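Report on one structure; see the data block that follows.
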Amino acid sequence: MDPSPEMERLARRQQGVISHEQLLALGASTKAATRWKRGWVVVGPGIYCLTDPSWESWCWAGVLHGGPDGVVGGLAAAHLYSLIPDSPRQITLWTTRPGRMGSLGDRSSRVTFRRAFRPGRGELPRTGVEDTVLDAARETDEDQLVALTARALAQRLTTPGRLLAGMGGRQRLSQRRILTALCGQAATGVESVLEWRFLTEVVRGHGLPEPVLQPTLVEHTRSDCWWSEYGVVVELDGERWHKEEFRDMHKDNRLALTGAMHLRYGWFDVTRQPCEAAKQIHLALTLQGYRGPLGGCPRCRGRR
């Protein structure tokens, strides 16, 4: 007796993973199941993978071991929502299953269990977007948290109101200040870590007037920052620029034809030389009629 088509379809949907209980529920005899399992990879107690397990296979192993309410959370769930590009080695699995829960995994992936109820969604159950973002705050640094939160808001997978409501229900929350600031800033259009760093370290850190983010100044093309009163545009060269180099070259030319004063900064300029960038922007704004002073950040004051 070979596994039935129903068993094979179930295993394919679960990235090759199937449990002993599922085999019996689909009509396999104990003897047949025992024979099949000799050629499969053991990925958990009573849980097997028909092939070498992938990262998603380990997610499924954790869900099956976690029981009916087992869900993937944290950075692993963020990856399933495409909020972070790379699959994290640690896979956080939420469950209310009682008893001691040992970790699962191999050298590339590790499933660790946390005991609490988290509502799940999706065929591969994962926490909702709000819980995913809030839980990820304890697993990541500020830049990665800003990136995944900004992406979730930009893609409209959640809203500032829903995130703030979720934060209100938690007494303990890592990086609460950053999340609160991001929710308050969401309406301005921050969509990346580079834009966040530029806004906080260059603009606000030096008392410059706030620009409009993501304006459409030339047809079908958005810019990054725009001081409309003074006709000054700043473009930020992140990963997107490297992938769209020629389109940005043409955009620069079209912006120049509008008469706007155009400046461009990259990651190094914003994170390592924010004071110099602020001085240049202040000069550009001043040449266009701005009369406000240039403020000083702690880095500026430390050089005096």
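None of the values given here were measured: they were computed from a predicted structure. All values below come from the heavy atoms of this structure, side chains included, with hydrogens, waters and symmetry mates left out.
Partners of Arg170 under the salt bridge (Lys or Arg N to Asp or Glu O under 4.0 Å) rule, at least two apart in sequence or in another chain, are Asp131, Asp135. Glu130 meets the salt bridge (Lys or Arg N to Asp or Glu O under 4.0 Å) test with Arg162; sequence neighbours excluded. By the salt bridge (Lys or Arg N to Asp or Glu O under 4.0 Å) test, Asp106 is found to be paired with no residue, residues two or more places apart in sequence or in another chain being considered.
Within the structure, salt bridge (Lys or Arg N to Asp or Glu O under 4.0 Å) pairs that include any residue of residues 26-48 do not occur (at least two apart or interchain). Every pair passing salt bridge (Lys or Arg N to Asp or Glu O under 4.0 Å) that includes a residue from residues 4-19 is listed here, sequence neighbours excluded: Glu6-Arg9, Arg13-Glu123.
The closest donor-acceptor contact from the side chain of Thr95 to the backbone of Gly70 lies at 3.5 Å or more, if one exists at all. Using a distance-only test at 3.5 Å, with no hydrogens or angles considered, no donor-acceptor pair links the side chain of Trp55 to the main chain of Ser108. No donor-acceptor pair under 3.5 Å is formed between the side chain of Gln288 and the backbone N or O of Trp227. Between the side chain of His282 and the backbone N or O of Gly292 there is at least one donor-acceptor pair closer than 3.5 Å. Between the side chain of Arg89 and the backbone N or O of Arg107, at least one donor-acceptor pair lies under 3.5 Å. Checked by atom type and distance alone, the side chain of His79 pairs as donor or acceptor with a backbone atom of Ile84 at under 3.5 Å. Side-chain N or O atoms of Arg118 include none that pairs as donor or acceptor with a backbone N or O of Gly73 at under 3.5 Å. Checking side-chain atoms of Ser109 against main-chain N and O of Gly105 turns up no donor-acceptor pair under 3.5 Å. With hydrogens and angles disregarded, no donor-acceptor distance shorter than 3.5 Å links the side chain of Glu56 to the backbone of Gln15. Side chain of Gln14 to main chain of Val17: a donor-acceptor pair is present (N/O by atom type, distance under 3.5 Å, no hydrogens or angles).
Nearest approach of Leu153 to Leu182, heavy atoms of both residues: CD1-O, 4.3 Å. Trp36 and Ala28 make their closest contact through CZ3-CB, 3.6 Å (heavy atoms, listed as atom of the first residue, atom of the second, distance). Val133 and Ala152 get closest at one heavy-atom pair: CG2-CB, 4.4 Å. When all heavy atoms are compared, the tightest approach of Leu199 to Pro211 is CD1-CD, 4.2 Å. Between Gly166 and Leu134, the closest heavy-atom pair is C-CD1, 3.6 Å. The two residues Ala137 and Leu179 come nearest to each other via the heavy atoms CB-CD1, 4.2 Å.
Criterion: ILVMFWY side-chain heavy atoms under 4.5 Å apart, direct or through other members. Under it, Leu80 and Val129 are not part of a common hydrophobic cluster. The same ILVMFWY cluster, assembled from side-chain heavy atoms under 4.5 Å apart, contains both Val42 and Met7. Hydrophobic clustering (side-chain heavy atoms under 4.5 Å, transitive across Ile, Leu, Val, Met, Phe, Trp, Tyr) groups Val193 together with Leu213.
Between atom OG of residue Ser54 and atom CH2 of residue Trp60 there is a gap of 12.0 Å, rounded to the nearest 0.5 Å. Once rounded to the nearest 0.5 Å, the distance linking CG of Leu24 with NE2 of His20 reads 4.0 Å. With rounding to the nearest 0.5 Å, the separation of CD1 in Ile18 from CG in Leu26 is 6.0 Å. Distance SG/Cys59 to CG/Leu93: 8.0 Å, rounded to 0.5 Å. Put simply, CD1 on Ile47 and CG on Leu64 are 5.0 Å apart, with the number rounded to the nearest 0.5 Å. For the atom pair Ile178 CD1 and Cys183 SG, the distance stands at 11.5 Å (nearest 0.5 Å).
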Check your understanding: What do the steps show when you test Thr127 against Thr132 for side chain to side chain donor-acceptor pair (under 3.5 Å), and what is the final call?
Key -> CA-CA 6 Å; Thr127 52; Thr132 295; 2.6 Å; yes
task: Might you work through the side-chain contact (heavy atoms from CB on, under 4.5 Å) test for Leu263 and Glu235, ending with a clear yes or no?
output: CA-CA 6 Å; Leu263 303 174; Glu235 295 292 345; over 6 Å; no
*Which is it for Thr92 and Val72 under the side-chain contact (heavy atoms from CB on, under 4.5 Å) test, yes or no, and what are the steps along the way?*
CA-CA 6 Å; Thr92 300; Val72 177; over 6 Å; no
Practice problem: Might you work through the side-chain contact (heavy atoms from CB on, under 4.5 Å) test for Thr112 and Gln90, ending with a clear yes or no? | Solution: CA-CA 7 Å; Thr112 56; Gln90 177 176 311; 3.8 Å; yes
Derivation of the side-chain contact (heavy atoms from CB on, under 4.5 Å) call for Leu148 and Leu75: CA-CA 9 Å; Leu148 70 90; Leu75 286 180; 3.9 Å; yes
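A donor atom on one side chain and an acceptor atom on the other are not found under 3.5 Å apart for Thr271 and Glu201. Tyr265 and Gln280 share a side-chain donor-acceptor pair at under 3.5 Å.
At a threshold of 4.5 Å between non-hydrogen side-chain atoms, the residues Trp58 and Leu104 count as touching. Residues Ile281 and Phe198 form a side-chain contact, since some pair of their non-hydrogen atoms from C-beta on lies under 4.5 Å apart. Contact annotation: the side chain of Thr51 approaches that of Cys49 to within less than 4.5 Å [non-hydrogen atoms, C-beta and beyond]. Put simply, the side chain of Met101 reaches to within 4.5 Å of the side chain of Arg115, judged on heavy atoms.
Taking the six-membered ring where tryptophan is involved, the planes of Phe113 and His65 are perpendicular, since the angle between them exceeds 60° and thus also 30°.
In this structure, Asp143 pairs ionically with Arg197, as a charged nitrogen and a carboxylate oxygen lie closer than 4.0 Å.
In the displayed structure, Arg138 atom CZ is contacted under 6.0 Å by at most 12 heavy atoms of other residues, nucleotides or ligands. The 12-atom threshold is exceeded at CG of Asp141, counting heavy atoms of other residues, nucleotides or ligands nearer than 6.0 Å.
Through direct or indirect side-chain contacts shorter than 4.5 Å among Ile, Leu, Val, Met, Phe, Trp and Tyr, Val71 is connected to Trp94.
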